[in-house]
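In what follows, chains carry the letters A, B, and so on, assigned in the order in which the sequence lines appear, proteins first and then strands, with residues in each chain numbered from 1. The shown structure was predicted, so the numbers you read here are calculated from the model rather than taken from an experiment.
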Number of protein chains: 2
Amino acid sequence: MTESVETSITALDEHTAEQLARTFKALSDPTRVRIVAALAERELCVHDLAEALGMSQSAISHQLMTLREMRLVRFTKEGRHVFYALDNDHIDSLFRQSLEHIQHGE
Amino acid sequence: MTESVETSITALDEHTAEQLARTFKALSDPTRVRIVAALAERELCVHDLAEALGMSQSAISHQLMTLREMRLVRFTKEGRHVFYALDNDHIDSLFRQSLEHIQHGE
DNA sequence: TTAATATATGAATGATTGCTCATATATTAA
DNA sequence: TTAATATATGAGCAATCATTCATATATTAA
């Protein structure tokens, strides 16, 4: 394969590749997957999320921050609680589609 | 939210979450995204992949190894070449679906 | 007011990752 | 045979990441 390639290979441009990778990275961690799964059911506050996942408040809070930066979740303050919800249909359907694939065999 | 939560929150079990996260991790890196994009077009040997992406043979070879471990690509040896192809429809459709989402707005 | 609860956040840390560089092996060409 | 090409792979390294721990702020309850 030294001669210039016949039908030229058009690689996906770097910017698009990075955008895509960033999207998938959002769900590349089990904790974030579980947070998204929980929020796909319903809105939840940090404390209940931490309890549901059996993880520290701090760990959940940090992950919620990264999900916020990715604009995958939105939040509303209510008293001393902060309720989080999914803020991105794309991620929701990506999550649901993949869950189905995993659950009903490859 | 101290009282045990009304409608109990059933967190996604850890095993499924890890499986899902692993799947997304496969496409969480721009280089792997570009490799998958190229292979979604057609089978390619390592050298041509490296050329198409403008990256070192070693870098591509290492990434192909991780894609192999994830069973996302298969390969066939032909003389001194090794041709890689996608080996997982799920990843292919995950890739295509997400690409569409990114290209035709959120 | 003081105490308890809910959340956020910075620093520290160990683990993972993506790459380079050097090198080994295999195949083909001269 | 020797040289060139294609690929794989181990070591090393800098960067990123997920978590913990300590602590700060805000809100509600006593």
For [N], give the paired nucleotide (Watson-Crick: N1-N3 plus N6-O4 or O6-N4; G-U: N1-O2 and O6-N3; both under 3.5 Å), or none.
{"N": "D:dA8", "value": "C:dT23"}
{"N": "C:dA30", "value": "D:dT1"}
{"N": "D:dC17", "value": "C:dG14"}

Does [N] have OP1 or OP2 under 4.0 Å away from a side-chain N or O of [X]?
{"X": "B:R32", "N": "C:dT17", "answer": "no"}
{"X": "B:H81", "N": "D:dT7", "answer": "yes"}
{"X": "A:K25", "N": "D:dT16", "answer": "no"}
{"X": "A:Y84", "N": "C:dA6", "answer": "no"}

Least distance between heavy atoms, [X] atom then [Y] atom:
{"X": "A:P30", "Y": "B:A21", "answer": "N-CB, 3.5 Å"}
{"X": "B:A26", "Y": "B:L72", "answer": "CB-CD1, 3.2 Å"}
{"X": "A:S98", "Y": "B:F24", "answer": "OG-CZ, 3.2 Å"}

For atom [atom1] of [X] and atom [atom2] of [N], their distance in whole Å:
{"X": "B:E69", "N": "D:dA8", "atom1": "CD", "atom2": "C1'", "value": "12 Å"}
{"X": "A:E51", "N": "C:dA6", "atom1": "CD", "atom2": "C1'", "value": "13 Å"}
{"X": "A:F83", "N": "C:dA8", "atom1": "CZ", "atom2": "P", "value": "12 Å"}
{"X": "B:H47", "N": "D:dA8", "atom1": "NE2", "atom2": "C1'", "value": "15 Å"}
{"X": "B:M65", "N": "C:dC19", "atom1": "CE", "atom2": "C1'", "value": "16 Å"}
{"X": "B:L64", "N": "C:dC19", "atom1": "CG", "atom2": "P", "value": "11 Å"}
{"X": "B:L67", "N": "D:dT7", "atom1": "CG", "atom2": "P", "value": "16 Å"}
{"X": "B:M70", "N": "C:dT16", "atom1": "CE", "atom2": "P", "value": "14 Å"}

Checking all strands, does A:F75 fall into the base, sugar-phosphate, or nothing category for heavy-atom contacts under 4.0 angstrom?
-> nothing
Contact letters for nucleotides 19-30 of chain D, in which S counts primed atoms plus P, OP1 and OP2 and B counts the base, heavy atoms under 4.0 Å = BBBB----BSS-
Other residues, nucleotides, ligands: >12 heavy atoms within 6.0 Å of A:R68 CZ | yes
Does the side chain of B:C45 come within less than 4.5 Å of B:V82's, by heavy atoms?
-> no
Using modelled atom types only, decide if a donor and an acceptor are shared between the side chain of A:R32 and the backbone of A:L27 within a distance under 3.5 Å.
->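 Side chain of A:R32 to backbone of A:L27, a donor-acceptor pair under 3.5 Å: no, none is there.
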Partners passing ring pair (Phe, Tyr, Trp, His ring centres under 6.0 Å) against A:F75 (at least two apart in sequence or in another chain) =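 Result, ring pair (Phe, Tyr, Trp, His ring centres under 6.0 Å) vs A:F75: A:Y84.
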